[in-house]
2 protein chains.
Amino acid sequence: MYTIGQLVKQFELSRSTLLYYDKIGLLQPSARSAANYRLYTKDDLQRMSQIFLYKEAGLSLEVIAQILDEQSNQPTAILEQRLNQLNTEISQLRQQQQLIIELLGKESLLRTSRVMDKAQWVAILKASGMDEQAMKQWHIEFERGLPEAHQDFLESLGIGQDEIGKIRGWARLE
Amino acid sequence: MYTIGQLVKQFELSRSTLLYYDKIGLLQPSARSAANYRLYTKDDLQRMSQIFLYKEAGLSLEVIAQILDEQSNQPTAILEQRLNQLNTEISQLRQQQQLIIELLGKESLLRTSRVMDKAQWVAILKASGMDEQAMKQWHIEFERGLPEAHQDFLESLGIGQDEIGKIRGWARLE
DNA sequence: CTTAAACTATGAAGCTGTAGTCAGGTCAAA
DNA sequence: TTTGACCTGACTACAGCTTCATAGTTTAAG
């Protein structure tokens, strides 16, 4: 049996958090002491570590509760959905990066920032021995093996949708 | 003079949002009609589009208000700070992706997901004509030109910090 | 001219996932 | 016995809105 303070230390979260989980029914201690203290069993700990895991994956408490309580629903679908959501979130953040770089007036900052440019990427590939032909081939292979990731990668270089469309177009054809 | 509804259409946001902006003082209409309707001037529109821009960059309303109202503070520093924040946010989301892929049992999903694997990346480079030597050179160039981006990219392939450390280590030396 | 739809107003409460504060009850050790 | 560490429930605050309730105004149709 563990008190609330012990869980707080184990999982490095605040007491308020556990109180809240109790209140919303996500993690309710299996017992109470004579003095009405919350007492968590090993099963509760087990449940808590599941919650922790899913939280790290970015799931909402509501969704976590669904997974844990309605056993019928296997988590696979939910996790896949979250994976998709993550893709859109990341791409939104990348758009924010590109916008800020524009606002800052490009040149000065591109060098210091960790955001890559199309030109910089091409320069690196050239410097490591790739020629035009090899790069074309690289796009083709990328598109064949991981079309979605190809799209994401080009976006991350700040290339516009129109140009991306063209590149992927001819990469698919060959 | 524009009513609140006209702004709603122009900027594609909800009326409640504008009411809220009014309340917190971020965007207060310059005038009111006889019936006490909010009336926005062209200057207000101008201000709104600035707000919109900074919002797209992911700045908080509080920070936006600072930039717009305290003209002394040039936005550069704030934007650079946001750029840094974006890097950590993106890398957190990538960690969530990797975790979910683990939870899903890897193999089945890696093929359909848009997340790249080290193996997949290497396969693409090989298929487009790179050999071991060229890849080594590629790391060296990447590290020399954009060390931070190199780190980010390796992280995005799900490579552990220890291995990343090794790769960047020898890439720096040569 | 009337009436209904479509607009506008104010104010309050709700949402998520915590963090923190309060006044007090409990418990083990010195 | 008294300290001090722990615990209790209940409350407030945060961002950036949304929703709700209630009501006044404008505009177009009939």
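This is a predicted model, so every value here is computed, not measured. Lettering follows sequence order; numbering is per chain, from 1.
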Reckon [X] touches a base, only the sugar-phosphate, or nothing at all at heavy-atom distances under 4.0 Å?
X	value
B/Ile4	sugar-phosphate
B/Thr17	sugar-phosphate
A/Ser33	nothing
A/Leu13	nothing
A/Lys23	nothing

Whole-Å gap separating [atom2] ([N]) and [atom1] ([X]):
X	N	atom1	atom2	result
B/Glu62	D/dC17	CD	P	14 Å
A/Met1	D/dC7	CE	C1'	17 Å
B/Asp22	C/dT8	CG	C1'	13 Å
B/Leu26	D/dA15	CG	C1'	13 Å
A/Lys55	C/dT16	NZ	C1'	12 Å
A/Leu61	C/dT18	CG	C1'	9 Å
B/Ile64	D/dG16	CD1	C1'	11 Å
A/Asn36	C/dT26	CG	P	10 Å

Original post:
Is a side-chain donor or acceptor of B/Arg82 paired with a backbone partner of B/Ala57 at a separation under 3.5 angstrom?
Top reply: yes

Checking [Y] against [X]: is there a side-chain donor and acceptor pair closer than 3.5 Å?
X	Y	answer
A/Ser91	A/Thr88	no
A/Gln97	B/Asn87	yes
A/Gln151	A/Gln161	yes
A/Glu141	A/Gln137	yes

Heavy atoms from C-beta onward define the side chain here; which of [options] lies closest to that of [X]?
X	options	result
B/Ser14	D/dT25, C/dC27, D/dT18	D/dT18
B/Ser16	C/dT18, D/dA15, D/dT18	D/dT18
B/Tyr37	C/dA9, C/dT18, D/dT18	C/dA9
A/Ala35	C/dA9, D/dG16, C/dC27	C/dC27

Original post:
Do any side-chain nitrogens or oxygens of B/Arg15 fall under 4.0 Å of OP1 or OP2 in D/dT19?
Top reply: no

Subject >> Residue mapping more 5' on DNA chain C - nearest nucleotide basis, B/Arg32 or A/Tyr20 >> reply: B/Arg32

